[in-house]
Amino acid sequence: MEIQENEQTETTGRGGNKRAGGYNPKEIEQKWQEVWEQSGANHATDDDPRPKFYNLVMFPYPSGDLHIGHWYNFTGVDVYGRFMRMNGYNVMQPLGFDAFGLPAENAAIKRGVQARKWTLSNIENMRRQLKTMGGIWDWEREVATCLPDYYKWTEWFFLKLYEAGLAYRAKAPVNWCPNDQTVLANEQVLANGTCERCGAEVAKRDLEQWFFKITAYADRLLEFKDIEWPEKTVTMQRNWIGRSEGARVNFTAEGSDGTVHAVPVFTTRPDTIYGVTFFLLAPEHALVAQLTTPDKQAEVAAYVAKARGETEIERQSTDKAKTGVFIGSYVTNPITGGKIPIYITDYVLMGYGTGAVMGVPAHDQRDFEFARTFNLPVVLVYQPDDREINADEMTEALVHEGHVVNSGPFNGLPDNAETVKKFIDYIAEKGLGEAKVNYRLRDWLISRQRYWGAPIPMIYCPTDGLVPVPEEQLPVILPEEVEFKPTGESPLNYIPEFVNTTCPKCGGPARRETDTMDTFMCSSWYFLRYADPKNAAQPFDPELIKRWMPVDQYTGGPEHATMHLLYARFFTKALYDMGIVSFEEPFKRLFHQGMILSEGRKMSKSKGKTIAPDRLVSENGADAVRAFLMFLGPFEKGADWNDKTEQLLVGISRFLNRVWGLVNDYGKSSENNEITLATSVEPRLRRAQHKTIQRVVADYGSFQFNTVLSGLMEYSNSLQKLIEEAPAVQQGVAWDEAIDTLLILLAPLCPHITEELWQSKGHRSSVNEQPMPLFNPTLAADELVTIVVQINGKVRDRLDLPIGISEEEVKATVLFAPKIATAIGESIPRKVIYVPGKLVNIVL
RNA sequence: GGGCGUGUGGCGGAACGGCAGACGCAGUUGACUUAGGAUCAAAAAGAUGCAGGUUCGAAUCCUGCCAUGCCUACCA
């Protein structure tokens with residue numbers, strides 16, 4: 001076939017002019033997508049004999065439009081899944097929708113559309129957009145968490161956790177978003193004290209709520225056994241769980257009426273107990289009222305009110321001065337018997353430890369600042385080994401240094417864990433406390449005063465109290481028509497048909513729980529449902545779970561490190577303990593893709609500047625957009641989107657056009673001949689081919705899709721050069737294989753164009769089902785190596801030498817090379833370093 | 001305040017401690033052209049944030065600083 005130049009051209013938008021019979025992505029992409037859909041190419045069957053590979057991506061919230069971040073995320077996942085499929089795995093790559101949650105409800109309130117209809121039509125649209133990507137998504141396994149056949153089992157799992165004693169109800173001060181009119185989990189409150197979703201300032205409220213006992217799993221959640229997760233994520237979870245070892249020490253306080261109260265504290269430094277000079281309570285502490293003397297009541301009440309009114313950010317700001325109020329009474333130090341004044345202060349948090357702290361100003365910076373503010377004594381119980389400190393002259397606390405002083409029998413001990421243990425033993429012996437491990441992690445609050453979520457399947461009966469909905473009555477169906485009133489209660493409260501029910505135990509009239517579950521509950525088990533998405537009798541068939549779980553590769557953003565990823569691990573461990581699943585970790589390998597930013601900032605609808613992938617796809621084709629996104633940089637790094645970003649798409653389009661031209665002009669039916677040509681070009685061809693295989697396969701495996709592409713660009717450029725230089729090579733089998741290799745290696749990134757070219761070349765199978773080519777080091781080996789010659793570390797010459805040359809030969813050759821000989825002159829080399837196959841460094 | 005990461009041409013980015021800047025974008029020149037914002041071809045450019053150290057040799061390892069990003073933030 002000749003190169004047909006300058007034929008009549010047609011203009012197709014930004015894609016530019018196309019040769020007649022040229023690359024027309026629109027046409028071929030749609031064609032192949034239909035073919036694949038009809039042949040069921042993307043459906044992973046349960047009985048496939050190949051080893052399974054569960055390739056999972058965090059499912060999206062159906063906000064309505066697929067944005068560029070989704071495209072980026074899903075493309076990378078799909079490329080990897082396709083790559084693994086070509087490595088011989090039965091790849092299961094499902095997709096679904098995390099379909100409960102606030103935006104649907106807000107749309108319902110704002111625009112009067114039904115939350116259900118709004119969500120389902122969004123799903124419809126996103127599914128359509130997703131299909132244009134040409135991914136191997138297994139749509140037969142799609143789940144949507146808002147559908148009764150899914151949330152039936154979310155409710156069922158709630159009952160299981162309840163039966164296992166892991167769900168309980170308690171009154172708790174909770175984060176309340178006045179705008180969304182709902183409770184938020186700690187993780188949903190931003191560091192600045194605002195609501196993660198709407199940005200409103202979060203307040204505190206006391207409410208009866210449902211909790212899951214995730215804290216019971218704290219230690220096991222710290223294990224991370226047999227999983228390959230980014231160290232960063234593991235560290236974040238560790239810090240979030242916040243295990244600290246110390247002691248619980250019982251202090252006693254006398255109330256203004258003479259009653260004695262036990263006031264335990266948690267401390268990691270029981271070894272400083274002789275240095276306690278004051279005692280602190282959180283303003284919310286239950287004993288504050290009883291321990292406040294009458295003369296202090298007004299002052300204390302004012303302080304408590306102020307602390308409660310503070311936002312999280314005000315309260316937790318570390319750089320503000322320490323504040324507090326003396327409440328008039330004292331505790332007794334159980335070790336020294338000394339009387340110590342009690343203060344309340346906002347830097348002591350009710351939610352951590354016991355809400356009470358022993359103040360040791362000499363050895364804790366916060367306590368030190370507090371003591372200086374209130375002129376409280378500072379007593380040193382450690383002194384540095386090399387000098388002596390005077391408490392009055394201290395400007396900051398002395399932390400972890402020196403040896404024990406002023407502490408009776410403990411004096412002289414060094415500052416270490418053993419000493420701490422001696423104090424704990426002593427305290428325990430006297431019955432004043434015990435060793436204690438404390439966690440920063442709190443139980444998971446799952447109640448939401450919202451409509452659009454999975455109902456909590458519980459019933460309140462006047463005679464029988466709290467009664468779980470019997471399994472056979474599941475699902476508790478969410479009504480479709482609701483009225484929204486800004487009351488702070490779930491809208492379900494105002495639907496008598498929903499609320500009023502009969503008690504499963506006594507048959508008498510009873511009320512349903514009207515709160516719904518946190519959507520993180522829905523996402524804590526969706527990956528299990530994919531294994532058996534249509535099962536109406538159980539959440540999944542245990543055999544299918546054994547077949548598919550655990551997830552081999554999980555990909556999603558790092559923002560879920562302490563939320564979804566922690567909850568899903570907890571959930572899996574709880575199911576393991578119930579005997580429902582046989583593994584403790586759901587996600588074997590985790591990868592965080594980077595984020596697509598817009599001019600350095602998070603892309604958000606409110607700030608404009610969103611990029612519509614649909615436009616890019618219709619102008620350039622899905623293959624080009626896929627490759628372009630992956631070419632932006634390493635997948636884990638994400639990219640910044642600015643005016644220049646889209647220019648890179650041009651380069652990818654050119655590359656695809658060149659591949660198209662190369663294969664159409666020089667590719668030929670692979671059924672032709674099997675001649676091996678006696679030319680020197682073929683070994684060069686083989687070398688290029690196998691070097692590329694080695695690079696590209698390794699880079700696919702490590703998510704380095706950007707360098708996969710540059711490797712393939714180099715490869716196709718060198719093929720182009722070779723064929724122009726020696727057109728006869730086209731007659732040989734090596735050329736044919738070289739072209740096949742190009743198409744196979746490019747297929748995961750650009751499945752459509754490669755399929756079209758593959759089959760037009762005469763293959764009857766699909767390129768997407770070819771095995772990844774095997775790297776042959778012999779064929780890749782060069783005949784000559786370039787030896788770099790350095791003098792004192794600076795490059796002076798390069799010599800092409802035969803591959804198997806010995807060290808002596810290299811050194812001899814190098815020393816007599818003209819440039820080198822001149823440079824050395826009369827000097828005698830002190831040292832000659834030889835790195836085999838790479839370089840010689842002559843040290844003068 | 002703490003933790004983790006990043007810093008390489010005009011831009012996106014490549015480089016097992018060993019030829020810095022692969023690959024691509026933009027720019028330059030030329031060709032084909034009524035035209036070029038299409039295509040093809042050619043050439044060019046710069047010295048790895050700063051200061052030290054280790055090494056025969058450092059973008060790469062170590063220390064300090066500067067800049068920037070993310071996470072976390074009084075957790076006793």
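Worth knowing before you read on, the calculation uses all heavy atoms, side chains too, and leaves out hydrogens, waters and symmetry mates. A note on names: the letters A, B, ... follow the listed sequences, proteins ahead of strands, and every chain is numbered from 1. As the structure is a prediction and not an experimental result, all values here were calculated from the model.
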5' priority, RNA chain B, between A:Asn642 and A:Val835 [closest heavy atom]: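 Result: A:Asn642.
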
Earlier contact from the 5' end, RNA chain B, for A:Leu839 and A:Thr235: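 Its nearest nucleotide being more 5', the pick is A:Thr235.
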
Under 4.0 angstrom between A:Asn717 side-chain N/O and B:rG24 OP1 or OP2: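 For B:rG24, OP1 or OP2 has a side-chain N or O of A:Asn717 closer than 4.0 Å.
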
If you check every side-chain atom of [X], which of [options] has the closest atom?
| X | options | result |
| --- | --- | --- |
| A:Asn841 | B:rA76, B:rG24, B:rC56 | B:rC56 |
| A:Val843 | B:rC23, B:rC19, B:rC56 | B:rC56 |
| A:Arg366 | B:rC74, B:rC19, B:rA73 | B:rC74 |
| A:Asn706 | B:rC23, B:rA14, B:rC74 | B:rA14 |
| A:Thr707 | B:rA15, B:rC74, B:rC11 | B:rA15 |

Between [N] atom [atom2] and [X] atom [atom1], what is the distance in whole Å?
| X | N | atom1 | atom2 | answer |
| --- | --- | --- | --- | --- |
| A:Arg695 | B:rC23 | CZ | P | 9 Å |
| A:Lys721 | B:rA42 | NZ | P | 7 Å |
| A:Asp782 | B:rC19 | CG | C1' | 15 Å |
| A:Phe655 | B:rC25 | CZ | P | 12 Å |
| A:Ile791 | B:rG57 | CD1 | P | 15 Å |
| A:Leu349 | B:rC74 | CG | C1' | 7 Å |
| A:Met630 | B:rG24 | CE | P | 19 Å |

Pair assignment for [N], Watson-Crick or G-U wobble, requiring both distances under 3.5 Å:
| N | value |
| --- | --- |
| B:rC50 | B:rG64 |
| B:rG10 | B:rC25 |
| B:rC74 | none |

Six-ring centre of A:Tyr347, A:Lys322 cation under 6.0 angstrom, axis tolerance 45°: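 That pair qualifies as a cation-pi contact.
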
Ring-face cation contact, A:Trp229 with A:Arg569, 6.0 Å cut, 45° max: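 Yes, A:Arg569 sits over the ring of A:Trp229.
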
Base B:rC70 to side chain A:Lys232, donor-acceptor N/O within 3.5 Å cut-off: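 Flag unset: no donor-acceptor pair detected.
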
Base B:rG24 paired with A:Gln647 side chain (donor-acceptor, <3.5 Å):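 No such pair is found, so the answer is no.
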
Partner of A:Phe628 under ring-ring contact (aromatic ring centres under 6.0 Å, His included), chosen from A:Trp641, A:Phe655, A:Phe705: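 Result for ring-ring contact (aromatic ring centres under 6.0 Å, His included) with A:Phe628: A:Trp641.
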
Aromatic ring pairing A:Phe591/A:Phe703, orientation class (parallel under 30°, perpendicular over 60°, tilted between):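 Because their plane-to-plane angle is under 30°, the rings of A:Phe591 and A:Phe703 count as parallel.
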
Aromatic plane relationship, A:Tyr343 with A:Phe278 - under 30° parallel, 30 to 60° tilted, over 60° perpendicular: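 The rings of A:Phe278 and A:Tyr343 stand perpendicular, inter-plane angle above 60°.
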
Regarding [X], tell me which of base, sugar-phosphate or nothing describes its non-hydrogen contacts under 4.0 Å with the strands shown.
| X | result |
| --- | --- |
| A:Val357 | base |
| A:Arg658 | sugar-phosphate |
| A:Lys794 | nothing |
| A:Arg654 | sugar-phosphate |
| A:Pro558 | nothing |

Residues A:Glu434, A:Lys436: salt bridge by 4.0 Å N-O rule: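 Salt bridge absent between A:Glu434 and A:Lys436.
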
